[in-house]
*Asks:* 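Quick one: the structure is below, and I'll ask about it shortly.
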2 protein chains.
Amino acid sequence: MNAEKIRKFNRFYTRVLGLMNQYTDKSKFTLLETQLLYEINRNKGCSANDLINFFQLDKGYLSRVLKKLESQNAVIRHYSSEDKRKIKLYLTNDGKKELDDLIALSNCYVLSMVDQIPEEEQLKLIKAMEQIELILTEFVDQKRNK
Amino acid sequence: MNAEKIRKFNRFYTRVLGLMNQYTDKSKFTLLETQLLYEINRNKGCSANDLINFFQLDKGYLSRVLKKLESQNAVIRHYSSEDKRKIKLYLTNDGKKELDDLIALSNCYVLSMVDQIPEEEQLKLIKAMEQIELILTEFVDQKRNK
DNA sequence: CGCTTCGGTTGACAAAAGCAACAATTTACA
DNA sequence: TGTAAATTGTTGCTTTTGTCAACCGAAGCG
C-alpha cells in the first residue's frame with residue numbers, strides 16, 4: 001500500500017534530517033531560530049503572523065523567540081505604516097552575516113554526508129528530491145493555508 | 001550547488017513531515033513515543049541503549065519515557081539473562097494494539113495528503129522516495145553507529 | 001459609534017529535553 | 001585473580017521549549 005511506503009520514507013528521512021541538522025549544535029541559534037532567520041531573509045518584511053502560518057507556531061511562543069532574536073541583534077522590527085498592529089520583520093546586517101555563516105555550516109554538514117557518493121548518484125538523488133517537491137508542493141501549500 | 005538543493009528539499013520535507021505527523025495530536029502518545037513503540041515492535045527485545053543510538057536520545061530522558069510507556073501498559077521490560085545490566089523491551093498486547101491503531105491513523109493522514117494525486121504521480125513519488133533511501137541508507141547507518 | 005476581528009504581547013504553566021551524579025554489572029588487562 | 005575502566009540504566013535537578021488564556025491597541029464593519 002502506498003501509505004506504508006511513504007511512512008517508511010518518512011521514518012527514514014526523519015533520521016536523515018536529524019543528522020543533517022546537527023550543524024545547529026555548533027551555533028548559538030537553535031534550529032527554529034535558524035529557520036526563522038532564513039524565512040525572514042527570504043520573505044523580507046514579513047509579519048509574525050506570516051511566520052506563524054508558515055511554521056505553525058503558537059503566537060505567544062513566536063513573540064518571545066522574535067524578542068530574543070531582536071535582543072541578539074539579528075532581527076529588527078518596523079511597525080507597518082498601513083496597519084499599525086502589524087510588524088515588519090527584517091534581518092539586521094549582523095543577522096544577515098549570522099545567517100550566511102549558518103548556511104555555510106549547514107552546507108558543510110550536508111556535504112559531509114553526500115560527497116562520498118559518486119557524482120552520478122548525487123544527480124539521481126537531486127532529481128528524486130525535485131520530483132518529490134514537484135508532486136507534493138501544491139498539497140503542502142494547500143494544507144498550510146487553512 | 002548540490003548541497004543547496006538538498007537543503008531546499010530538507011526545508012520542504014520538514015514541513016511535509018509536520019503535516020503528516022499531525023496524527024499524533026489525536027493520540028495519547030507523543031510522536032517520540034509512537035516512534036519508540038514502532039521501533040520496539042520492529043526490533044523485539046531491543047535494549048534502551050539500542051533506542052538511544054537509533055534515535056540519538058539522552059539516556060536519562062529515554063529512561064523516563066520508557067517508564068511512562070510501561071506505566072501505560074504499552075511496554076514491558078525483561079532483564080536480560082546474559083547481561084544483567086541490560087533490559088529487553090517488548091510491546092505488551094495492549095501496546096501492540098495501540099500501535100496498530102496509531103499506524104492506521106498515520107496511514108489515514110498520509111492518504112489524506114496523497115490520495116488526491118493521480119495514480120501515476122503517486123507511483124513516481126514512491127519511486128523517488130525509494131531512490132533516495134537507496135542512495136542514502138548506507139550513510140545514515142554509518143553516521144549513526146559512531 | 002459600538003462590536004468583532006486581528007496582530008501581537010505577557011504571565012503562568014506544562015511538557016520535553018539535557019546534564020551530572022550514581023549504582024550495578026561487565027569487561028579488560030596487569 | 002583482582003581491580004580499574006567501561007557499559008547500561010536510573011534518578012534528581014535544571015533548562016529549554018511549547019501551550020493556554022487573558023489582555024491591549026488597532027482595524028474592519030454594521
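First the proteins, then the strands, lettered A, B, ... as listed; each starts at 1. Atoms considered below: every heavy atom in the structure, side chains included; atoms not considered: hydrogens, waters and symmetry mates.
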*Asks:* With sequence neighbours excluded, tell me which residues meet ring-ring contact (aromatic ring centres under 6.0 Å, His included) with A:Phe9.
*Replies:*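 Only A:Tyr13, B:Tyr13 meet the ring-ring contact (aromatic ring centres under 6.0 Å, His included) criterion with A:Phe9.
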*Asks:* Listed by chain and number, what are the side chain to side chain contact (heavy atoms under 4.5 Å, CB included) partners of B:Asp100, not counting sequence neighbours?
*Replies:*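 With neighbours one apart ignored, the set is B:Lys96.
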*Asks:* Just so I know, are the side chains of A:Leu99 and A:Phe29 near enough to count as touching, which here means a heavy-atom distance under 4.5 Å?
*Replies:*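 No, their side chains stay 4.5 Å or more apart.
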*Asks:* Could you tell me how far apart B:Asp50 (CG) and D:dT7 (C1') are, to the nearest whole angstrom?
*Replies:* 13 Å
*Asks:* On DNA chain C, which is the earliest and which the latest nucleotide, 5' to 3', with an atom closer than 4.0 Å to a heavy atom of chain B?
*Replies:*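 Here the contact window of chain B covers C:dA16 to C:dT26.
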*Asks:* Within the 4.0 Å limit for protein heavy atoms, which parts of nucleotides 18-30 of chain D are touched? Write it as a string from 5' to 3', B for base, S for sugar-phosphate only, - for none.
*Replies:* BBB----BBS---
*Asks:* Can you sort out the partners of B:Glu39 under side-chain hydrogen bond (donor to acceptor under 3.5 Å, both in side chains), two or more places apart, ordered by chain and number?
*Replies:* B:Arg42
*Asks:* Would you mind listing every ring-ring contact (aromatic ring centres under 6.0 Å, His included) that reaches into residues 64-94 of chain B, with sequence neighbours excluded?
*Replies:* B:His78-B:Tyr90
*Asks:* According to side-chain hydrogen bond (donor to acceptor under 3.5 Å, both in side chains), who are the partners of A:Lys127, at least two apart in sequence or on a separate chain?
*Replies:*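 Scan of A:Lys127 (side-chain hydrogen bond (donor to acceptor under 3.5 Å, both in side chains), adjacent residues dropped) gives none.
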*Asks:* Which ILVMFWY residues are connected to A:Leu123, directly or by a chain of links, through side-chain heavy atoms under 4.5 Å apart?
*Replies:* none
*Asks:* Rounding to an integer number of Å, can you tell me how far B:Asn53 CG sits from D:dT7 P?
*Replies:*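 In whole Å, D:dT7 P lies 11 Å from B:Asn53 CG.
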*Asks:* Quick one: side-chain hydrogen bond (donor to acceptor under 3.5 Å, both in side chains) partners of B:Lys44, sequence neighbours excluded?
*Replies:*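 Once residues adjacent in sequence are excluded, B:Lys44 has no partner under the side-chain hydrogen bond (donor to acceptor under 3.5 Å, both in side chains) criterion.
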